[in-house]
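Each chain gets a letter, A, B and so on, in the order the sequences are listed, and its residues count up from 1.
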Number of protein chains: 2
Amino acid sequence: MENHEPVEDVIAALGYLCLGTRFKRLGERLQAETVSIVSAQSGSVPPSQLPFLAAIDRLGPLTVGEMAQAIGITQPGATKTLLHLAKLGLVDMSQSREDRRVRVATLTATGQDLVAQSKASVWKQVDAAARELCKGLSGTLLDQLDTIEQRLAEKPLREWGKP
Amino acid sequence: MENHEPVEDVIAALGYLCLGTRFKRLGERLQAETVSIVSAQSGSVPPSQLPFLAAIDRLGPLTVGEMAQAIGITQPGATKTLLHLAKLGLVDMSQSREDRRVRVATLTATGQDLVAQSKASVWKQVDAAARELCKGLSGTLLDQLDTIEQRLAEKPLREWGKP
DNA sequence: TCCGGTTATATAACTGGATATGGAAAATCA
DNA sequence: TGATTTTCCATATCCAGTTATATAACCGGA
């Protein structure tokens with residue numbers, strides 16, 4: 001077998017020039033690692049959809065447009081995910097009676113159960129893991145990102161913040 | 001007109017629980033804002049493809065697998081973008097003679113020109129903007145992300161790091 | 001030499017975002 | 001009131017990534 005030396009991480013090396021790419025990459029990685037925490041539990045949703053449920057839980061019933069604002073995505077994105085969650089039976093999309101343009105998303109009983117259960121277990125765990133992952137960071141923002149990536153290389157997210 | 005109060009940013013409010021989503025969101029936003037800097041120049045590529053060109057410029061000709069490592073994505077992702085860049089005439093994908101499984105990506109003359117031109121102008125500008133955007137951050141990582149998002153709300157990325 | 005395993009790339013199907021566009025309801029204004 | 005503009009949502013299409021799988025080339029051993 002040939003001896004391949006590891007290739008330099010160009011995104012990290014380029015520093016501020018690739019800051020956006022780097023944030024995105026790290027975010028996707030964290031979400032992916034979150035899956036392996038979440039999916040240990042049964043009957044859950046991917047972490048990208050979790051904020052939708054959390055938003056209603058936190059703010060009460062939301063229109064499509066409000067949801068887009070709350071999550072910080074565009075309206076079509078909110079529509080798509082909400083329709084999906086409705087198909088899963090986790091939220092209910094009912095037309096408002098005062099203004100028939102707007103549709104209001106509420107949690108179904110199933111959705112409420114899932115949120116309650118998640119809050120008590122998985123969300124706690126994810127929060128604790130991320131919190132410990134980011135503990136005692138120092139230096140410039142780029143240094144801190146380096147540290148986070150290093151820490152994730154040492155052990156996966158689900159091993160951080162253990163009791 | 002009705003008076004809609006702004007909706008709370010749930011991702012920010014949930015803190016560490018949504019750290020991944022937040023990184024990803026900020027990264028996408030930075031990339032989107034970078035487009036408006038880059039596309040002021042003629043004949044360029046979206047910022048997501050920029051690291052591919054920068055990687056070859058920095059490390060020399062790379063195989064598909066090495067490129068995936070350098071950028072930190074999976075091999076199929078690297079394949080797709082490299083084939084695309086080849087179609088644009090910016091890189092050349094030639095089969096290696098020693099091992100005909102591997103394909104090596106090099107910059108074409110056009111690609112080299114684009115890189116040289118970008119390095120001298122756009123990349124400098126993006127780097128300076130991101131650098132200033134992240135200047136003097138303090139507090140926890142979440143605080144720093146808050147600050148960055150606030151700063152971007154004040155003025156777009158292209159207004160930062162101006163001479 | 002051929003056969004099984006491994007490696008490198010390509011392809012397919014899917015996901016979660018984006019932008020662009022269109023239709024229906026509401027609001028505004030002449 | 002009727003016409004026009006605005007608002008809200010849905011749909012279509014695209015993009016950049018993913019996982020899973022297929023194909024082709026290489027390598028080592030019987």
Side-chain angles (χ1 to χ4, degrees), chain A residues 1-4 7 11 20-21 23-36 39 45-52 62-69 71-87 93-105, chain B residues 1-4 7 11 20-36 39 45-52 62-69 71-88 93-105:
Chain A
M1 179 153 57
E2 289 201 37
N3 187 7
H4 292 299
V7 178
I11 303 299
T21 301
F23 272 138
K24 188 178 163 192
R25 182 177 79 172
L26 183 52
E28 278 166 354
R29 176 162 187 188
L30 286 173
Q31 285 192 336
E33 299 222 23
T34 301
V35 172
S36 78
S39 67
V45 297
S48 60
Q49 297 171 12
L50 189 148
F52 287 77
L62 292 174
T63 70
V64 173
E66 287 167 342
M67 181 63 81
Q69 261 188 272
I71 308 288
I73 61 173
T74 58
Q75 170 263 310
T79 293
K80 196 159 46 164
T81 300
L82 280 175
L83 290 177
H84 177 70
L85 290 172
K87 212 170 292 175
M93 298 281 289
S94 67
Q95 211 167 35
S96 158
R97 210 170 288 98
E98 315 98 62
D99 183 341
R100 280 170 4 229
R101 289 172 304 181
V102 323
R103 302 187 71 182
V104 179
Chain B
M1 177 153 61
E2 287 202 37
N3 187 6
H4 291 299
V7 178
I11 304 298
T21 301
R22 190 147 184 219
F23 271 138
K24 189 178 165 191
R25 182 177 78 171
L26 184 52
E28 279 166 353
R29 176 162 187 188
L30 286 173
Q31 284 192 337
E33 300 222 24
T34 301
V35 172
S36 77
S39 67
V45 298
S48 60
Q49 297 170 12
L50 187 149
F52 288 77
L62 292 173
T63 70
V64 172
E66 287 167 342
M67 181 62 82
Q69 261 188 272
I71 308 288
I73 61 174
T74 58
Q75 170 264 310
T79 293
K80 199 160 38 165
T81 299
L82 280 175
L83 290 178
H84 177 70
L85 290 172
K87 211 169 294 174
L88 293 181
M93 299 281 289
S94 67
Q95 213 166 35
S96 159
R97 211 170 288 99
E98 314 97 64
D99 183 341
R100 280 172 2 233
R101 289 172 304 180
V102 324
R103 304 187 69 183
V104 179

A.B. asks: Using only modelled atom types and a 3.5 angstrom limit, is any donor from either the side chain of Arg101(B) or the base of dT9(C) paired with an acceptor on the other?
C.D. replies: no

A.B. asks: Please determine whether any donor N or O and acceptor N or O are separated by less than 3.5 Å between the side chain of Lys80(A) and the base of dG17(C).
C.D. replies: yes

A.B. asks: How far apart are the closest heavy atoms of Arg100(B) and Arg97(B), and which atoms are they?
C.D. replies: CG-O, 4.3 Å

A.B. asks: Roughly how far, to the nearest 0.5 Å, is OG1 of Thr63(A) from CE of Met93(A)?
C.D. replies: 9.0 Å

A.B. asks: Counting a pair only when it is Watson-Crick or G-U and both distances are under 3.5 Å, which runs of at least 3 such pairs involve DNA chain C?
C.D. replies: C:1-30 with D:1-30

A.B. asks: Hey, does Gly77(B) reach any base, or is it just sugar-phosphate, or nothing, if we go heavy atoms under 4.0 Å?
C.D. replies: base

A.B. asks: Side chain of Thr81(B) only, heavy atoms from C-beta on: which candidate in dG17(D), dG16(C), dT7(D) is closest?
C.D. replies: dG17(D)

A.B. asks: How close or far is atom C1' of dA10(C) from atom CE of Met93(B), stated in whole angstroms?
C.D. replies: 10 Å

A.B. asks: For a quick test of reading the model: is some side-chain N or O of Gln49(A) closer than 4.0 Å to OP1 or OP2 of dG16(C)?
C.D. replies: yes

A.B. asks: When you compare the side chain of Ile71(B) with that of Ile11(A), does any pair of heavy atoms fall below 4.5 Å?
C.D. replies: yes

A.B. asks: Hey, which of these two, Arg97(A) or Thr63(B), hits DNA chain C nearer its 5' end, going by closest nucleotide?
C.D. replies: Thr63(B)

A.B. asks: How long is the line joining NZ of Lys24(A) and C1' of dC15(D), in whole Å?
C.D. replies: 9 Å

A.B. asks: How close or far is atom P of dG17(D) from atom CD of Gln31(A), stated in whole angstroms?
C.D. replies: 15 Å

A.B. asks: As a test of reading the structure: which of dA26(C), dA8(C), dA10(D) is closest to the side chain of Val102(B), going by heavy atoms?
C.D. replies: dA8(C)

A.B. asks: Look at the side chain of Pro46(B) and decide which nucleotide, out of dA10(D), dT19(D), dA16(D), has an atom nearest to it.
C.D. replies: dA16(D)

A.B. asks: If we check side-chain contact (heavy atoms from CB on, under 4.5 Å) with Lys24(A), which of these qualifies: Gln31(B), Arg25(B), Arg29(B)?
C.D. replies: Gln31(B)

A.B. asks: Ser48(B) has a side chain; which of dA16(D), dT19(C), dC9(D) sits nearest to it?
C.D. replies: dA16(D)

A.B. asks: State the NZ-CG distance between Lys80(A) and Leu85(A), to the nearest 0.5 angstrom.
C.D. replies: 13.0 Å

A.B. asks: Write down the atom of Leu26(B), the atom of Phe23(A), and the distance for their closest heavy-atom approach.
C.D. replies: CD2-CE1, 3.8 Å

A.B. asks: Say you draw a straight line from CG of Leu50(A) to OG1 of Thr34(A); how long is it, rounded to the nearest 0.5 Å?
C.D. replies: 9.0 Å

A.B. asks: In whole angstrom, give the distance that lies between atom CG of Leu26(B) and atom P of dA18(C).
C.D. replies: 14 Å

A.B. asks: With the side chain of Thr74(A) defined as its heavy atoms from C-beta on, choose the nearest nucleotide among dA16(D), dA26(C), dT19(C).
C.D. replies: dT19(C)

A.B. asks: Specify the closest pair of heavy atoms between Val35(B) and Pro47(B), including all atoms of both residues, with the distance to one decimal.
C.D. replies: CG2-CD, 3.5 Å

A.B. asks: Using whole Å, what does the distance between atom C1' of nucleotide dC15(D) and atom CG of Leu85(B) come to?
C.D. replies: 14 Å

A.B. asks: Where each residue is assigned the nucleotide of DNA chain D containing its nearest heavy atom, which of Leu83(A) and Thr21(A) is assigned the position nearer the 5′ end?
C.D. replies: Leu83(A)

A.B. asks: Would you indicate which nucleotide in dA10(D), dA18(C), dC26(D) comes nearest to any side-chain atom of Gln75(A)?
C.D. replies: dA10(D)

A.B. asks: Is there a side-chain contact between Thr79(A) and Gln75(A) in this structure, where contact means two heavy atoms from C-beta onward sitting under 4.5 Å apart?
C.D. replies: yes

A.B. asks: Rounded to the Å, how far apart are Glu98(A) CD and dA27(C) P?
C.D. replies: 11 Å

A.B. asks: From the list dA26(C), dT9(C), dA10(D), which nucleotide is the closest neighbour of the side chain of Pro76(A)?
C.D. replies: dA10(D)

A.B. asks: So, OP1 or OP2 of dA10(C): does either fall under 4.0 Å of a side-chain N or O from Thr79(B)?
C.D. replies: yes

A.B. asks: When you measure from the side chain of Asp99(B), which nucleotide among dA25(D), dA18(C), dT19(D) comes out closest?
C.D. replies: dA25(D)

A.B. asks: Can you tell me which nucleotide in dA20(C), dG17(D), dC9(D) comes closest to the side chain of Val64(A)?
C.D. replies: dC9(D)

A.B. asks: Grab the CD1-P distance between Ile71(A) and dA18(C) for me, whole Å please.
C.D. replies: 11 Å

A.B. asks: OP1 or OP2 of dA10(D) versus the side-chain N and O atoms of Arg103(A): is any pair under 4.0 Å?
C.D. replies: yes

A.B. asks: So what does Gln95(A) touch, heavy atoms closer than 4.0 Å: a base, only the sugar-phosphate, or nothing?
C.D. replies: nothing

A.B. asks: Can you tell me the distance, in whole Å, between the CZ atom of Arg100(B) and the C1' atom of dT23(D)?
C.D. replies: 14 Å

